[in-house]
Amino acid sequence: MIKEYRTISEVAGPLMLVRDVENVTYDELGEIELQNGETRQCKVLEINGSNALVQLFESAAGINLADSKVRFLGRGIELAVSMDMLGRVFDGLGRPKDGGAEVIAEKRLDINGLPMNPAARDYPAEFIQTGVSAIDGLNTLVRGQKLPIFSGSGLPHANLAAQIARQAKVLGTGSNFAVVFAAIGITFEEADFFISDFKRTGAIDRTVLFTNLANDPAVERIATPRIALTAAEYLAFDKGMHVLVIMTDITNYAEALREVSAARKEVPGRRGYPGYLYTDLATLYERAGRKKGYEGSITLIPILTMPEDDKTHPIPDLTGYITEGQIILSRDLYRKGIVPPVDVLPSLSRLKDKGIGKGKTRADHADTMNQLFAVYSRGKQAKELMAILGEAALTDIDKLYAKFADVFENKYVSQGYEANRSIEETLDLGWELLKLMPRGELKRIKDVFLDQHFPKSGEEPKE
């Protein structure tokens, strides 16, 4: 029988102290019953002897210390899962938010999940087509990978996230693909943008959407990504689906973690974030991957806004240690009107070599990717030189490289948020741009591919 306590001794903001409790554990879920019969949820933050410090999921307004009762439920937060979740919109704690009925649970899962045995992990190896050339062609996403997007305040990461959620697919697998989208600490306008965009394009049918708004409690914000990953684990490992999890914005999650840590009077680490921020982020990111013997997989794209566009800030810094690369959005490209403004040179996908090549994308993919990087990099250097010394100081070949850099940004990187390019279209576009350069400059491509796509030496390059 669940015991009730009338020993609330103190309420301070979102925190409440309950005295003389028995057998209550850290992270346990509780219910507060007010005098009028209304119930509110809370979670145990700390146990000190027989005292329990709990954090409220809702406002503390109206809680009368003498007349309110608390009962602890003997379990953590759980999510009711079933295939009926697809096409639905939930709040940050997994409660329906779209006016539909409650999900009839096939089972209830603890949102903290179970750590994946490292020996049971399978290596990411299959190409995921996002339809975005700057990702597919140059920083390829592989099934089972963790590839974050580093953005800045005011940059259009929401549009890019919606585009990837709409367009992403594992080639050759038909409809066995789902998207779990977790919106963490965002505004009502942003949440409305995602919901209406998914409904407009029909992507909602294969998507499970969790929305935690900026005015929701911090403790709910900490639960939202875990709830999303629990839904993804169910779809991937129980139902054999390829699941893409997109979480935006991890910075809001870390801020909520800092807020709760400060409320618990913990010793702060770098910039006031708790010292366990690295470990905490790892408990989220490491739930992605593939398991041996399972058809399904979880691929994770966490999106985070870098405060002051600073890559050395603790959140992007620690995220970079745990994940396999990063896609970086550039404020300079955004000012030029390049959309999506993906800065391809500092971006990196550490697993891209595993997901490209013959039988996955195309045999010429690796060569063209390396050559595009090399030519664009030299073109950027030529443009910097031109800005300092003037165009007259450049050689003819340097001017060609500078021209290539401009065309590359405007045609290859910039494609808008509605264009869905297949990998063949992306690779063909890369060849079209490389034809701006003389064949002799393309030293990173094998002759067999040059002969297929390029005029023989002696012919003029295509303007």
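Quick note: numbers below take in every heavy atom, side chains included, and nothing from hydrogens, waters or symmetry partners. Since this is a predicted model, take the numbers as computed values, not measurements.
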message = I'd like to know if the side chain of Thr426 pairs up with that of Arg421 as donor and acceptor (distance under 3.5 Å, no hydrogens or angles considered).
response = no
request  = With sequence neighbours excluded, tell me which residues meet side-chain hydrogen bond (donor to acceptor under 3.5 Å, both in side chains) with Lys360.
outcome  = none
request  = Assess the pair Phe181 and Phe198: is the distance between their ring centroids shorter than 6.0 Å?
outcome  = yes
request  = Give a yes or no on this: more than 12 heavy atoms of other residues, nucleotides or ligands lie within 6.0 Å of atom NZ of Lys354.
outcome  = no
inquiry  = I'd like to know if Asp310 and Arg271 make a salt bridge, using a cut-off of under 4.0 Å between side-chain N and carboxylate O.
reply    = yes
ask   = Between Ile338 and Ser414, which heavy-atom pair has the shortest distance, and what is it?
value = CG2-CB, 3.6 Å
ask   = Is a donor on one side and an acceptor on the other found under 3.5 Å between the side chain of Glu28 and the backbone of Thr25?
value = yes
task = Could you tell me whether a side-chain N or O of Gln145 sits under 3.5 Å from a main-chain N or O of Pro124, the two making a donor and an acceptor?
result = no
request  = Assert yes or no for the condition that the ring centre distance of Tyr273 to His313 is strictly below 6.0 Å.
outcome  = yes
ask   = Of Leu141, Val179, Thr248, Thr130, which meets side chain to side chain contact (heavy atoms under 4.5 Å, CB included) against Ile301?
value = Leu141
ask   = Strictly by modelled atom types, are Ser297 and Arg143 linked by a side-chain donor-acceptor pair under 3.5 Å?
value = yes
request  = Answer yes or no: is there a side-chain heavy-atom contact under 4.5 Å between Ile128 and Glu126?
outcome  = no
query = Taking atom CG of Leu244 and atom CD1 of Ile246, what is their separation to the nearest 0.5 Å?
reply = 4.5 Å
message = Using only atom types and a distance under 3.5 Å, with no angle test, would you say the side chain of Thr368 pairs donor to acceptor with the backbone of Asp364?
response = yes
ask   = Taking atom CD of Glu424 as the centre, does the number of heavy atoms from other residues, nucleotides or ligands within less than 6.0 Å exceed 12?
value = yes
ask   = Is any side-chain heavy atom of Val142 less than 4.5 Å from a side-chain heavy atom of Phe127?
value = no
ask   = Should we count NZ of Lys336 as having more than 12 external heavy atoms under 6.0 Å?
value = yes
message = Do the side chains of Arg88 and Asp98 get close enough for a salt bridge, i.e. N-O under 4.0 angstrom?
response = yes
task = State the CZ-CD1 distance between Phe188 and Ile195, to the nearest 0.5 angstrom.
result = 7.5 Å
query = Below 4.0 angstrom, N of the basic side chain to O of the carboxylate: do Asp197 and Arg200 qualify?
reply = yes
request  = Enter the distance from Glu418:CD to Asn159:CG here, rounded to the nearest 0.5 Å.
outcome  = 9.5 Å
ask   = Between the side chain of Ser82 and the main-chain N/O of Asp84, is any donor-acceptor distance below 3.5 Å?
value = yes
task = Could you note down all residue pairs passing side chain to side chain donor-acceptor pair (under 3.5 Å) where residues 281-294 supplies at least one of them, sequence neighbours left out?
result = Arg121-Glu286, Arg226-Thr283, Thr230-Arg287, Glu233-Arg287, Tyr285-Thr319
task = Could you walk me through whether Arg40 and Leu56 pass side chain to side chain contact (heavy atoms under 4.5 Å, CB included), step by step?
result = CA-CA 8 Å; Arg40 296 180 189 173; Leu56 307 173; 6.0 Å; no
remark   = Here the pair of heavy atoms bringing Ala162 nearest to Phe193 is CB-CE2, 4.0 Å
query = Run the side chain to side chain contact (heavy atoms under 4.5 Å, CB included) check on Val342 and Leu329 step by step: do they pass?
reply = CA-CA 5 Å; Val342 176; Leu329 302 190; 3.9 Å; yes
key: Inter-residue atom distance His365.NE2 - Asp353.CG, 0.5 Å rounding   = 9.5 Å
query = Are the side chain of Ser349 and the backbone of Gln326 linked by a donor-acceptor contact shorter than 3.5 Å?
reply = no
message = In the structure I gave you, are the side-chain heavy atoms of Phe90 and Met85 within less than 4.5 Å of one another anywhere?
response = yes
ask   = Do you know the tightest heavy-atom contact between Ala223 and Leu93?
value = CB-CD2, 3.9 Å
Contact summary for Met386 and Ala402, nearest pair of heavy atoms = CE-CB, 3.7 Å
NZ/NE/NH1/NH2 to OD/OE distance under 4.0 Å, Lys411 and Glu432 = yes
request  = Could you give me the CA-CA distance, side-chain angles and deciding distance for Asp406 and Lys403, then say whether salt bridge (charged side-chain N to carboxylate O under 4.0 Å, His left out) is met?
outcome  = CA-CA 5 Å; Asp406 286 333; Lys403 178 188 173 189; over 6 Å; no
query = So, Glu441 side chain and Val375 main chain: donor-acceptor pair closer than 3.5 Å or not?
reply = no
ask   = Got Thr211 and Phe194 here, is their nearest side-chain heavy-atom distance under 4.5 Å?
value = no
key: Lys/Arg N to Asp/Glu carboxylate O, Arg331 vs Asp309, below 4.0 Å   = yes
ask   = CG/Leu351 to CD1/Ile356 distance, rounded to the nearest 0.5 angstrom?
value = 11.5 Å
Check: Lys146 side chain, Pro302 main-chain N or O, donor-acceptor pair, under 3.5 Å = no
salt_bridge(Asp27, Lys43) N-O dist < 4.0 Å = yes
inquiry  = Given 3.5 Å as the limit, does a donor-acceptor pair link the side chain of Arg166 with the main chain of Gly202, or not?
reply    = no
query = Are Glu31 and Thr39 close enough that a side-chain donor and a side-chain acceptor fall under 3.5 Å?
reply = no
message = Keeping Asp110 on the side-chain end and Gly76 on the backbone end, is there a donor-acceptor pair under 3.5 Å?
response = no
ask   = Is any side-chain heavy atom of Lys169 closer than 4.5 Å to a side-chain heavy atom of Leu171?
value = yes
task = Spell out, as yes or no, whether a donor-acceptor pair under 3.5 Å connects the side chain of Glu106 to the backbone of Val81.
result = no
query = Does any donor atom in the side chain of Thr251 or Asp249 lie under 3.5 Å from an acceptor atom in the other side chain?
reply = yes
inquiry  = In the structure I gave you, are the side-chain heavy atoms of Ile32 and Met16 within less than 4.5 Å of one another anywhere?
reply    = yes
Leu138 side chain near Ser347 side chain, heavy-atom distance below 4.5 Å = no
Asp428/Arg362 ion pair, N-O < 4.0 Å = yes
ask   = How close do Lys352 and Phe373 get, heavy atom to heavy atom, and via which atoms?
value = NZ-CE1, 3.7 Å
message = Let me confirm one number: the CD1-NE2 distance from Ile298 to His242, rounded to the nearest 0.5 Å.
response = 12.5 Å
message = Could you go through Leu86 and Leu235, starting from their C-alpha distance and side-chain angles, then the distance that decides it, and tell me whether this counts as side chain to side chain contact (heavy atoms under 4.5 Å, CB included)?
response = CA-CA 10 Å; Leu86 289 167; Leu235 294 172; 4.3 Å; yes
ask   = What's the verdict on side chain to side chain contact (heavy atoms under 4.5 Å, CB included) for Leu29 and Phe72, showing C-alpha distance, side-chain angles and the deciding distance?
value = CA-CA 6 Å; Leu29 204 59; Phe72 296 99; over 6 Å; no
key: Student check: side-chain heavy atoms of Thr312 and Asp317 closer than 4.5 Å   = no
message = Minimum heavy-atom separation for Ala183 and Thr224, please, with both atom names.
response = O-CG2, 4.3 Å
